[in-house]
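I have placed the structure first, in the form of structure tokens, so that the comments after it can refer back to it.
Computed from a predicted model, the values in this text were never measured in an experiment. Protein chains get the first letters and strands the later ones, always in sequence-line order, with residue 1 at the start of each.
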Amino acid sequence: MLSEKPRVRFAPSPTGYLHVGGLRTALYNYLYAKKNDGKFILRIEDTDKNRYVEGAMENLIETLKWIGLDYNEGPFINGNFGPYIQSQRLNIYRKYADELIEKGKAYHCFCTAERLENLRVEQKKLKLPQAMYDKHCLKLTQDEIKENLEKQIPHVIRLNVDKKGKVVFDDIIRDRVEFDCSTIDDQVLIKSDGYPTYHLANVIDDHLMKITHVIRGEEWLSSTPKHILLYDYFGWEKPIFAHLPLLLNPDKSKLSKRQGDVAVEDYRDKGYLKEAIINFIALLGWSGKDNKEFFMLDELIKEFSLEKVHKAGAVFNIEKLNWLNSEHIKNKSSEDILTLLKKEMINSKFKSENYSDFYLIKVIEIMKERITFIKDYITLSPYFFEKPEDYDKSVIDKRWESDTPEHLHKLIANYVKLEHLNKEQLEITLKNTAEELEIGTGKLIHPVRLAVSGIGVGPGLYEILEILGKDEVITRIKKAIEKIKQS
RNA sequence: GGCGCGUUCGUCUAGUGGCUUAGGACGCUGCCCUCUCAAGGCGGAGAUCACGGGUUCGAAUCCCGUACGCGCUACCA
């Protein structure tokens with residue numbers, strides 16, 4: 001076992017979308033597998049018919065694919081341990097449940113929902129420490145069971161927990177954890193609709209799929225003793241467990257939809273880069289060496305270890321994600337950003353405009369360090385794609401003076417004479433004009449910025465002018481003189 | 001209620017008995033740079049390491065208790 005390459009799995013329930021907490025679980029599994037030259041398996045846990053959501057699995061797989069966590073085995077990528085969708089393995093669970101019954105470790109239970117409910121009420125009245133099934137159906141004789149089955153009375157199969165002793169196991173993250181067997185309920189293994197519960201299916205599949213490490217959320221820690229018991233009753237070797245801390249809302253409760261976005265696709269749609277999401281999620285509960293915080297996926301693989309996973313839950317804090325997004329944008333090549341920007345433009349009001357790659361690359365480079373999202377190119381500097389229609393009132397008040405039109409006319413006259421409109425020439429000419437007019441360069445710079453962009457903030461003026469080009473710059477300044485004079 | 005897990009700046013975290021007057025990052029903030037805004041550089045505020053007992057020459061670090069938070073307690077995962 002120890003010499004074998006690890007096989008880990010991400011086993012989500014397809015309830016509609018990939019949850020960020022799920023992504024974190026998937027990521028840590030993925031990193032552990034890649035780091036140790038193992039296999040990362042995707043298994044769909046769709047054993048609850050009531051929660052069936054059309055297209056949920058496809059959506060989940062698509063999101064995993066988008067973010068770059070490719071699995072080695074799973075739906076559509078079959079290994080030797082399929083099928084990887086639990087609803088297609090029903091006969092397997094049935095067979096093993098029967099095996100457990102034969103061994104006396106599980107039994108048929110014909111109790112009605114009413115009896116169970118009454119039992120709970122009774123136990124509560126008696127102030128019993130916790131409500132548990134009373135093994136009522138364990139007393140049934142073979143004949144009674146046979147008769148009930150023939151009559152097709154609805155039934156479940158329960159785990160026959162031996163209430164004596166303790167279950168002890170070592171968790172990579174939490175060290176030794178102990179549970180008293182008297183606190184473990186006779187868990188339902190097969191539901192009355194014939195489907196297995198999570199507990200049964202997960203143990204059987206992990207065994208059959210030769211999973212070596214079960215890396216999952218902390219919400220499973222409390223039911224791990226049931227799983228341990230199952231491994232023992234089957235006589236199977238147990239995997240190594242690692243229970244990850246939970247992701248939290250700002251108020252420290254378990255991350256939920258009510259307090260913000262929880263679907264990975266929401267963040268994708270808001271414009272977060274997959275690199276930033278991965279990096280951010282990795283840092284929620286894990287940290288690398290030497291205070292390093294910027295990580296690409298391959299670097300995470302190199303550095304990751306389960307031993308360094310934090311024990312306490314982590315609040316999902318959007319500020320840091322924003323910062324990482326801008327960092328990852330800065331880290332990208334202009335060509336890569338070009339691809340992303342084009343996609344963004346298709347969804348904007350500039351979709352029908354046709355800008356050359358050459359032009360766009362220049363815009364990309366000049367704005368790169370000022371943006372947090374790709375869409376900021378459009379929202380923060382629309383003037384690269386359209387003439388300004390309005391001019392920021394506060395900037396007019398601050399920078400536009402009565403003699404400004406006169407100054408600008410002079411500047412235009414000088415710019416018209418220029419042959420090569422590069423930023424050096426633009427700067428020299430503007431400075432010379434200011435000198436001619438006996439004014440500070442600021443008296444020209446700010447009005448020109450306002451005239452060509454409509455706003456008071458942005459990259460260096462000469463760079464903006466160079467990108468826009470001579471004719472456009474002159475046209476825009478003239479237009480501004482007209483419009484701002486009127487106002 | 002029971003059982004389990006957890007608790008270091010607002011947030012993410014480093015820290016595994018002395019190197020710690022608790023380090024870094026995000027955010028906030030001051031200055032520099034500067035045509036503006038960013039970026040960048042240099043600073044600042046911000047944590048009695050949940051609380052109370054022990055163990056020890058010495059504890060954020062080990063032990064016990066308490067509090068608080070969270071998870072589980074389903075024929076949901």
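G71(B) and A77(B) are spaced 14 Å apart, taking the C1' atom of each and rounding to whole Å. Spacing between C12(B) and C28(B) at atom C1', rounded to whole Å, works out to 16 Å. As rounded to the nearest Å, C9(B) and A60(B) have P atoms that lie 15 Å from one another. Separating the C1' atom of U29(B) from that of A45(B) is a span of 7 Å, rounded to the nearest Å. Distance noted for atom C1' between G65(B) and U55(B): 15 Å (whole Å). C26(B) and G18(B) are spaced 32 Å apart, taking the C1' atom of each and rounding to whole Å.
The closest side-chain heavy-atom distance from L408(A) to Y415(A) is not below 4.5 Å.
The residues K443(A) and E401(A) are annotated as salt-bridged, a charged nitrogen and a carboxylate oxygen being separated by less than 4.0 angstrom. A salt bridge is defined here as a Lys NZ or Arg NE, NH1 or NH2 lying under 4.0 Å from an Asp or Glu carboxylate O, and K105(A) with D162(A) fails to meet this definition. The existence of a salt bridge linking E99(A) and K95(A) is excluded, since no basic side-chain nitrogen approaches an acidic carboxylate oxygen closer than 4.0 Å.
Counting non-hydrogen atoms under 4.0 angstrom, T224(A) reaches nothing in the nucleic acid. As judged by a 4.0 angstrom heavy-atom cut-off over every strand, E293(A) is placed among the base-contacting residues. At a threshold of 4.0 angstrom between heavy atoms, the contacts of S287(A) are confined to the sugar-phosphate backbone, with no base atom among them. Within 4.0 Å (heavy atoms only), S13(A) reaches sugar-phosphate atoms of the nucleic acid but no base atom. As judged by a 4.0 angstrom heavy-atom cut-off over every strand, L221(A) is placed among residues touching the sugar-phosphate backbone only. Among the heavy atoms of the strands lying under 4.0 Å from G458(A) is at least one base atom, whether or not backbone atoms are also near. Using a 4.0 Å heavy-atom cutoff across all strands shown, K127(A) reaches no nucleic acid atom at all. Across all strands shown, V395(A) has no heavy atoms under 4.0 Å from either base or sugar-phosphate atoms.
A close approach under 4.0 Å does occur between a side-chain nitrogen or oxygen of T47(A) and OP1 or OP2 of A77(B). Contact between the side-chain N/O atoms of K292(A) and the OP1/OP2 oxygens of A25(B) is not found at any separation under 4.0 Å. Taking side-chain N and O atoms only, K49(A) has no distance below 4.0 Å to OP1 or OP2 of C75(B). When the side-chain nitrogen and oxygen atoms of H199(A) are compared with OP1 and OP2 of C75(B), none of them lie within a distance under 4.0 Å. Close to A77(B), at under 4.0 Å from its OP1 or OP2, lies a side-chain N or O of K191(A).
Nearest nucleotide to the H310(A) side chain, out of A74(B), C26(B), A14(B): A14(B). Between C75(B), C12(B), G6(B), one nucleotide has an atom nearer to the side chain of L284(A) than all others, and that is C12(B). Side chain of Q130(A), nearest nucleotide from G27(B), U11(B), G2(B): G2(B).
Scanning atom types as modelled, no donor and acceptor separated by under 3.5 angstrom connect the side chain of T183(A) and the base of G2(B). The base of C35(B) lies close enough to the side chain of R449(A) for a donor and an acceptor atom to sit less than 3.5 Å apart.
The residue among L246(A) and D180(A) whose nearest nucleotide of RNA chain B is located toward the 5' end is D180(A). Of the two residues contacting RNA chain B, namely P250(A) and E463(A), the nearest-nucleotide position lying further toward the 5' end is that of P250(A).
Classification of the W220(A)-H199(A) ring pair by plane angle, with boundaries at 30° and 60°, yields perpendicular.
For I173(A) and C5(B), the CD1 to P distance is 14 Å, given to the nearest whole Å.
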Please step through side-chain hydrogen bond (donor to acceptor under 3.5 Å, both in side chains) for the pair Y93(A) and D205(A), ending with a clear verdict. CA-CA 9 Å; Y93(A) 308 126; D205(A) 286 346; 2.6 Å; yes
